[in-house]
2 protein chains.
Amino acid sequence: MKDKLKSIAIQLFYQKGYHACSISNIADRAGIQKSSIYYHYINKEELLYDILKETMDDLNKSLHEITTNIEGTEEQLKAIIRNHLNFHMERQKEVIISDSELRGLTADNLRSILRMRDDYDKKIKEIIKKGIDEGIFINRDPRVVTNAIVTMCTQTSTWFNPLGNLSKDEIIDIYTKMIFDGLKIKK
Amino acid sequence: MKDKLKSIAIQLFYQKGYHACSISNIADRAGIQKSSIYYHYINKEELLYDILKETMDDLNKSLHEITTNIEGTEEQLKAIIRNHLNFHMERQKEVIISDSELRGLTADNLRSILRMRDDYDKKIKEIIKKGIDEGIFINRDPRVVTNAIVTMCTQTSTWFNPLGNLSKDEIIDIYTKMIFDGLKIKK
DNA sequence: GTCTATATGTGGATAGAC
DNA sequence: GTCTATCCACATATAGAC
């Protein structure tokens, strides 16, 4: 039931927003009384935190896999982009909640999630830096470059349509080429 | 007072989120009773809609200025990117509300805002298409390319720090170069 | 592990005086 | 244009039975 509640909450927090979705809404859909929810979660925030924590954990784990198993700066960055895009197109609801409902967390929980997010971004920034040092990437502020890449990939969660006429792989291909080579035809 | 209420609402909707911010919160900060708000706005949603509408209006106007006053596909796209970035770094609160609180709108109001947003995106897509036809941009799905560019620029609203050590112009410069030429040093 | 019943607060919104 | 007073619905959360 705890898992069921979580997946209902993901659906409803995504659809209506955390504050617009009540404990009753979740209970109704689970077919239990709202008071029964408090057996599984001490309060509403813990339910939100559980979702955010799991999502960030999974994302960070997938990044760790890549940095330990793939060699070469450019290949690493390509794999990271592919992974980030896949993750955000596959788990659209969770990542949209992660991006818009952090204000629903109290201070400690917020800190914990922000630290995970910072760790993730920092690892990518280090790879960009490495590429600049190795002379394969153009020397531009790594913080800004990282933000640009991460945010554009993250936002696929908001517009990607699994039933649309473009597959995830086609989008990954376009994004990768755009990031590495840009828009313009070189003379 | 109506303007004052709007600017307080922008601040609070941004900080706490639309549903987490009550009419009382806004009234308190304005130094009036909550019932007095209903003299200016018929309900809470109209206040949200007023903010979103004005923001989208301003954004669309600025885009129209560019497409009528600037010649050349590449120069137009550069100006659009510069404008979009400037707008999103200058009006961070409003655009973040625009991006996260659409669910607070009822059907008619939502349709109206979405149409404005679609118009905006469509104009950019047309310019990308034109650049492809003219042989200056690489032939990739214009919808995807537009989304990539627009979303990465929009998200500066979430991380740009006006007090940070990078100016808006420096960020615009980096973004423009990344979009047109990518990350990699060409051999 | 889920139920019924309930406490308590606060939400958006309206009526009518000044 | 702002006030006081009030309505009613619904929010989160708890107590205690089954």
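The chains referred to below are lettered A, B, ... by the order of the sequence lines, with proteins before strands, and numbering in each begins at 1.
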Divergence of helical axes at both termini of the helix from C/dG1-D/dC18 to C/dC18-D/dG1 - five pairs an end, 10° steps: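 If I round to tens, the end axes sit 10° apart.
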
Partner set under ring-ring contact (aromatic ring centres under 6.0 Å, His included) for A/Y175, not counting sequence neighbours: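 Here no residue qualifies.
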
Qualifying residues under ring-ring contact (aromatic ring centres under 6.0 Å, His included), relative to B/H84, sequence neighbours excluded: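 With sequence neighbours excluded, B/H84 shows a ring-ring contact (aromatic ring centres under 6.0 Å, His included) to B/H88, B/Y120, given in chain and number order.
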
Answer with yes or no whether the side chains of [Y] and [X] bring together a donor and an acceptor at under 3.5 Å.
X      : Y      : value
B/T106 : B/E45  : yes
B/S62  : B/E65  : no
B/S112 : B/N109 : no

Looking at [range], who's got a heavy atom less than 4.0 Å off DNA chain D?
range                       : result
residues 100-111 of chain A : none
residues 5-19 of chain B    : none
residues 30-55 of chain A   : A/K34, A/S35, A/Y38, A/N43, A/K44

Heavy-atom check, side chain of B/L48 versus side chain of B/I97, under 4.5 Å: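 Yes, side chains in contact.
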
Non-hydrogen side-chain atoms of A/L63 and A/D119 separated by less than 4.5 Å: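 Side-chain contact under 4.5 Å: no.
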
Those residues that, when tested against B/T55, pass side-chain contact (heavy atoms from CB on, under 4.5 Å) (two or more places apart):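 With sequence neighbours excluded, B/T55 shows a side-chain contact (heavy atoms from CB on, under 4.5 Å) to B/I51, B/F87, B/R91, B/E94, B/V95, B/S98, given in chain and number order.
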
Any donor-acceptor N/O pair, B/R103 side chain to A/Y14 backbone, under 3.5 Å: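 Yes: the side chain of B/R103 pairs with the backbone of A/Y14.
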
Side-chain (A/K122) to main-chain (A/R117) donor-acceptor, under 3.5 angstrom: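 It does not hold such a pair.
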
So, using side chain to side chain donor-acceptor pair (under 3.5 Å) as the criterion, who are the partners of [X] when residues are at least two apart?
X      : value
B/T68  : none
A/D108 : A/R111
A/Q15  : none

Pairs touching residues 36-74 of chain A that satisfy ring pair (Phe, Tyr, Trp, His ring centres under 6.0 Å), sequence neighbours left out: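 Non-adjacent pairs meeting ring pair (Phe, Tyr, Trp, His ring centres under 6.0 Å): zero.
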
Outermost DNA chain D nucleotides near chain B [under 4.0 Å, heavy atoms]: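 Terminal contacting nucleotides, 5' to 3': D/dG1 to D/dA5.
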
B/E74 and B/K78 ion-paired at < 4.0 Å: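 Judged by the 4.0 Å cut-off on N to carboxylate O distance, B/E74 and B/K78 do form a salt bridge.
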
